[in-house]
Amino acid sequence: VQLQASGGGLVQAGGSLRLSCAASGSMFSMGWYRQAPGKQRDLVATITTGGSTNYADSVKGRFTISRDNAKNTVYLQMNSLKPEDTAVYFCNARGRWGLGDYWGKGTLVTVSS
């Protein structure tokens, strides 16, 4: 499975960005992780084919994850962005029962203060 992410960029604090990630095949769970300089890669949000979502506490109420199962694409709408959201965002896809774990190339999100 290949993942193609897009949508990163530079935005001022309080602004919005939308990330997209298209998978070459259907995957049970798709989501986003991020890695800031010098830090570990952390969960941002995930969503299953059934629509069940999971968010990091730091983004709840600001970020919304969604997916189009017909297009094998996941989206991350990021609102009220903060400088601490600056990171490389990685798309992830996993099969049911942990079968398969795939990563896309990261896309940089920079939030200026």
Side-chain angles (χ1 to χ4, degrees):
V1 174
Q2 294 184 338
L3 303 175
Q4 183 66 48
S6 61
L10 173 64
V11 65
Q12 290 187 333
S16 298
L17 281 175
R18 188 190 195 212
L19 304 182
S20 300
C21 176
S24 59
S26 177
M27 298 299 291
F28 173 68
S29 175
M30 296 184 71
W32 296 92
Y33 290 71
R34 67 187 181 187
Q35 187 168 19
K39 296 188 176 181
Q40 66 181 21
R41 189 175 298 185
D42 292 325
L43 167 76
V44 176
T46 60
I47 185 168
T48 67
T49 50
S52 295
T53 58
N54 183 37
Y55 291 93
D57 288 343
S58 60
V59 306
K60 285 180 180 177
R62 300 188 298 122
F63 292 9
T64 302
I65 192 168
S66 60
R67 67 186 287 171
D68 184 333
N69 291 330
K71 296 181 179 180
N72 298 324
T73 299
V74 63
Y75 306 96
L76 185 69
Q77 179 65 44
M78 304 185 294
N79 298 329
S80 302
L81 282 160
K82 304 175 181 179
E84 50 263 45
D85 294 317
T86 294
V88 177
Y89 285 68
F90 294 90
C91 180
N92 174 261
R94 293 174 180 163
R96 193 180 289 271
W97 303 300
L99 295 178
D101 187 10
Y102 304 93
W103 293 90
K105 294 181 180 179
T107 184
L108 178 62
V109 172
T110 303
V111 184
S112 63
S113 57

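- Across all their heavy atoms, Met30 and Cys21 have their closest contact at CE-O, 3.9 Å.
- Residues Leu76 and Arg34 fail the side-chain proximity criterion, which asks for heavy atoms closer than 4.5 Å.
- With hydrogens and angles ignored, the 3.5 Å screen pairs no side-chain donor or acceptor of Tyr55 with any backbone N or O of Arg62.
- Side-chain contact between Ser20 and Lys71 is absent, with no heavy atoms from C-beta onward closer than 4.5 Å.
- For the pairing with Leu17, the side chain to side chain contact (heavy atoms under 4.5 Å, CB included) check across Val111, Val109, Leu10 returns one residue only, Val109.
- Between Val74 and Ile47 the shortest side-chain heavy-atom distance falls below 4.5 Å.
- Annotation: salt bridge (Lys or Arg N to Asp or Glu O under 4.0 Å) contacts of Asp101 (sequence neighbours excluded): Arg94.
- If you take OH on Tyr75 and OG on Ser6, they are separated by 9.0 Å, rounding to the nearest 0.5 Å.
- Put simply, OG1 on Thr64 and CG on Asn79 are 6.5 Å apart, with the number rounded to the nearest 0.5 Å.
- Using a 4.5 Å heavy-atom threshold, the side chains of Asp85 and Met78 count as separate.
- No donor-acceptor distance shorter than 3.5 angstrom exists from the side chain of Thr107 to the backbone of Tyr89, with no hydrogens or angles considered.
- The two atoms that bring Ala13 and Ser113 nearest to each other are CB-CA, 4.4 Å, heavy atoms only.
- A side-chain donor-acceptor contact under 3.5 Å links Ser24 to the backbone of Gln2.
- Between the side chain of Arg96 and the main chain of Phe28, no donor-acceptor pair closer than 3.5 Å is present.
- Between Ala36 and Ala87, the shortest heavy-atom contact is N-CB, 3.8 Å.
- With values rounded to the nearest 0.5 angstrom, Thr53 atom OG1 is found 14.5 Å from Phe63 atom CZ.
- In this structure, Gln4 places its CD atom where only 12 or fewer heavy-atom neighbours from other residues, nucleotides or ligands lie under 6.0 Å away.
- Looking at heavy atoms from C-beta onward, Arg41 lies out of side-chain contact with Val88 at the 4.5 angstrom threshold.
- In this structure, Ala5 and Trp32 approach most closely via the heavy-atom pair CB-CH2, 4.0 Å.
- Hydrophobic clustering (ILVMFWY, side-chain heavy atoms < 4.5 Å, transitive): Leu3 and Leu43 are in distinct clusters.
- Contacts of Tyr33 classified as ring pair (Phe, Tyr, Trp, His ring centres under 6.0 Å), with partners at least two apart in sequence or in another chain: Trp103.
- In the displayed structure, Gln35 atom CD is contacted under 6.0 Å by more than 12 heavy atoms of other residues, nucleotides or ligands.
- Residues meeting the salt bridge (Lys or Arg N to Asp or Glu O under 4.0 Å) test with Lys60, sequence neighbours left out: Asp57.
- Under a 3.5 Å cut-off, the side chain of Asn92 and the backbone N or O of Tyr102 do form a donor-acceptor pair.
- Separating the OG1 atom in Thr49 from the CE atom in Met27 is a distance of 10.5 Å, to the nearest 0.5 Å.
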